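The next block holds one structure in the form of structure tokens; read it before the comments.
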2 protein chains.
Amino acid sequence: MGQCMKRYSVGFDFGTESARALLMDVETAQIIATTAYAYPHGVIDRSLPGSGKPLPPDWALQDPFDWLEAMEETARGVIRQSKIDPVSVIGIGVDFTACTILPTTTDGTPLCCLDTYREEPHAWAKLWKHHSAWSQCERINQLAAERDELWLKRYGGAICSEWVMPKALQMLEESPLIYRDAERIVEGSDWIIWQLTGDLVRNSCGAGYKATWNKKDGFPSPEFLSALHPALVDLYTHKMAGAMVVPGNPAGKLNAKWSKRLGLPCGISVASAIIDAHSAVLGCRLAKPATMFMIMGTSTCHMLMSEREVLVPGISGVVEDGIVPGLFGYEAGQAAVGDALAWFVKNHIPPEYHDEAARSGRSIHDLMSAKASILRPGQSGLLALDWWNGNRSIPSDASLSGMLIGYTLTTKPEDVYRAIVESTAFGARIIIENFIHSGVPVRDIMAGGGLTKNQFVMQVYADVIGRDITVTTEQHASALGAAILGAISAGKSKGGYDSHTEALVSVTAPVLQVYRPIAGNVEIYNKLYAEYKRLTEYFGHGKNDVMKLLRSLRE
Amino acid sequence: MGQCMKRYSVGFDFGTESARALLMDVETAQIIATTAYAYPHGVIDRSLPGSGKPLPPDWALQDPFDWLEAMEETARGVIRQSKIDPVSVIGIGVDFTACTILPTTTDGTPLCCLDTYREEPHAWAKLWKHHSAWSQCERINQLAAERDELWLKRYGGAICSEWVMPKALQMLEESPLIYRDAERIVEGSDWIIWQLTGDLVRNSCGAGYKATWNKKDGFPSPEFLSALHPALVDLYTHKMAGAMVVPGNPAGKLNAKWSKRLGLPCGISVASAIIDAHSAVLGCRLAKPATMFMIMGTSTCHMLMSEREVLVPGISGVVEDGIVPGLFGYEAGQAAVGDALAWFVKNHIPPEYHDEAARSGRSIHDLMSAKASILRPGQSGLLALDWWNGNRSIPSDASLSGMLIGYTLTTKPEDVYRAIVESTAFGARIIIENFIHSGVPVRDIMAGGGLTKNQFVMQVYADVIGRDITVTTEQHASALGAAILGAISAGKSKGGYDSHTEALVSVTAPVLQVYRPIAGNVEIYNKLYAEYKRLTEYFGHGKNDVMKLLRSLRE
């Protein structure tokens, strides 16, 4: 190739409602084109497509064929949009929501695509936010704690109902035939790579964070699995077989079938996949220790890297090589952030507010943020526990629920909106303090994701946490991270990069914006934070289990 | 008078926004005609009429001339409507909101009607919901508790900022000249009677429930008053002088001036007045011990009679002859019931629900009730503390606030609506159990008031309380009670009745509807009620004072 020839990489970002392709200039990490495509069936949470078979509460499925359709449409979209010659594309990277798993045959056919199983909910892909395996999860955590399993400690002492083991156990218990016939159980990300290359490999990010795999110790033992359920014994050895590959290392080469469908060169490198949140760390060119990166969207994912492994309570996981090779990647999470605000805006905003937003040409979120931003800290009179979707960190319990306290007859919608924003900031502060307290330093706090566009929200976070928060304005960080992985997997010889470090120092740095705490606000929020922690202690740590009772009565 | 000649009584019901006259057939208690008239100045809570002088927050005044205008218009209205000969009217009764007090000269001229005082807010009538005397009230309660005053115990250990003593002390402290020139301080009810008859008498209902008067012990001592404020010492002996008359006993005779204005016979009997809520007990023909009567509207008032006096914690008051002669009338209250639902509906219902209500021609409350009624107990996943306007019974603390716990991302507006209804029912159950526990039996539970038209609400109450609830469908119970008092005051010789008992057994019984608890629902609500009590204990009794902190940060 001539020196002046541009090389490109394509990153595919598979989200909850849609997928996106991003075409990146390999040399600068500049975004050349990006296209999104909404999944035709979206999130399947009420009834199965086709049969209309109703789903129980807390189910969330996807149709794997939606992913393929979206991949084809968006790949062709970015090439069309950019007008580049596809021959200059050197690599493909994929990031995906996780844990989003599906059962397949040995040749990768999803069971839900077989006529026999089409009406069987357990044959479909379970989306990350499929939340009905919580009773299985409780039993797993209890048994692992009783047996003092080392792996449990890497996940803060409790795994989450969203992960592979609870979802697999739910399948086994509720639909033993599907479990028997699920010759492979695979993350959506790895399944996409499998389609593109013909090879089933597992990415160490998904396996480490969602399937309790560890670089030194591997998966939990068959003894543990059979103590949980005798038929579960071969989950890892058989159903989850496949080589483990670090994200960005080559997973295979683009095969002829998919070269044709995507309109990209046959044989180019396809990188081992990565979880969408973790991809955003790379997309924002962050790969150094002691920098916390919060990806704030529907939920918030907190990522932090360190040279050493510490067993921190309440984290989602610590995974060696989980984000970049050579570092331990820590992850913690808040289960509902933007989601809680979206819930509020959808369910609890009266018509006059919608009219006012329409008259002034603003979105309802912009209007609510504007109204809430005028209030001083404490003025709402409200305090919330931000557990609308359970708690994922400290106290790490999916059966917890949201709370609002302090209502009066003069409480207005913007008071509640502000209290919800504040509560998510208190939740983030608990996570940060927990890392520091456990011996994992947090020197800088960075934030990215959709919510960071909201200046009101970011100022509340700076005031509540009491520290500078630096926002990266990268819009498509996950897709960009995937494209960077595609370039790394291609290697220098093909015009890409030979390592993560090389890639991240070579490309252009992102644009940054800093939010600084305001002293008077910090003081008030310190008082409210003390109350938040006290309520967390009371409702989250077994002193009053009313949230659990309420959940059980609901079901 | 011939035997076939019908006799009538007129009841005047002075409410918050309007007054009503009701013409009753004395023999049957049948309503012949009723007319309402809105006060021209309504509730004066922003600025004084005329001068436009702005009022501080939490003020609520009325113009006494509005009452007179409404009385004249409605009296003429019922005569015109019924076409009866006014000569067959034998008595007049009056019920009124309380504590609604005004300062007057010795001849009954309201100070606010004198040019000198027209621009002085303290010269006007303070409506029951004038809430700015709370700091005075706190000091009164503290001093009375320190001095171990017996009278305090009759009011559950704390009086309310709405009552005579805090309102008078506020007047004295904020406007000493008005206090000095207020030769009389009088309930609106007694002032109306004073106008009609020329005589100032005090009704034992208003005095007992709102002015801390007791049949045996009289008013609080001058020693207590002067310890509170030296200039307050003559409040009861001078400014509140006047004979104490049981509601329904004759207060005087209709004088010539008002005979002319109302178009009713000169010299007919005018009964001593009664508080509106207590009048409704008579209007529903209830005057027996151990029958709790809940008047459910914006707030709920719980009335109960007993042959003996017990000092019950958290009640609003116990007054001998307070409702009917010879019995001790107990009162307890919930500060926000319909008000909490109105708050929710005003602030938290999204446009689609309003559209749906409009399309189906229903009010938004009807729509919400219909949606909420489909849910089974526990299905909302929510539990609330119904303290949107503080708590008025147990734990009797106005600084408490509302709470909702159990929110998830699938919580819908009807879930919250139902949870608020349930929380008010839990609050009512606490009050009922508190009476029983304290030794005041509750054999039957009756309910009246606007909220009882809502079948969904009433079934929730029956299920939560676990007992039959009998609803009286009497629409104008307070005005009817006043008319019954008018007939009693006239006496048998004039075609009326010689006693309350005689009146209440003679007239036709009201139409009743019984709501019976459903066993399965009771069982679930017993579980939720245990949690409600536990949260009440935690947040209401000093274990966690976060509500107080939130209130102080808000102010």
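First the proteins, then the strands, lettered A, B, ... as listed; each starts at 1. Predicted, not measured: the structure shown is a model, and the values here were computed from it.
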Under 4.5 Å from any heavy atom of chain B, what part of [X] do you find: side chain, backbone, both or neither?
X	value
A:W388	both
A:E555	backbone
A:K548	neither
A:Y353	neither

N-O pairing of B:E537 and B:K533 below 4.0 Å: no
With a 4.0 Å cut-off on N to O distance, would you call A:E352 and B:K346 a salt bridge?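 B:K346 and A:E352: not salt-bridged.
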Do [X] and [Y] pair up side chain to side chain, a donor and an acceptor below 3.5 Å, judged on atom types alone?
X	Y	answer
B:S380	B:Y417	no
A:Q334	A:T424	no
A:Y538	A:N544	yes
B:T100	B:T97	yes
B:N454	B:S369	yes

Per-residue contact mode, [X] against chain A (heavy atom under 4.5 angstrom):
X	answer
B:I349	backbone
B:S552	neither
B:V345	neither
B:D415	neither
B:L385	neither
B:L535	side chain

Looking at [options], which makes the most heavy-atom pairs under 4.5 Å with chain A?
options	result
B:D339, B:L375, B:L409	B:L409
B:G402, B:G406, B:S401, B:P377	B:G402
B:K412, B:H354, B:R551	B:H354
B:T411, B:L382, B:V416	B:T411

Between A:Q379, A:R376, A:R534, the one whose heavy-atom pairs under 4.5 Å with chain B are most numerous: A:R534
Which of A:D355, A:T408, A:L528 touches chain B most, by non-hydrogen pairs under 4.5 Å: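 Highest number of pairs under 4.5 Å: A:T408.
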Say whether, by atom type as modelled, one donor and one acceptor occur between the side chain of B:R392 and the main chain of B:A398 under 3.5 angstrom.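 The answer is no, because no donor-acceptor pair under 3.5 Å joins these two groups.
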Quick check: A:W59 with A:H131 (ring centres under 6.0 Å apart)? no
Taking the six-membered ring for Trp, is the centroid-to-centroid distance between B:F344 and A:H348 below 6.0 Å?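 That pair passes the under 6.0 Å test.
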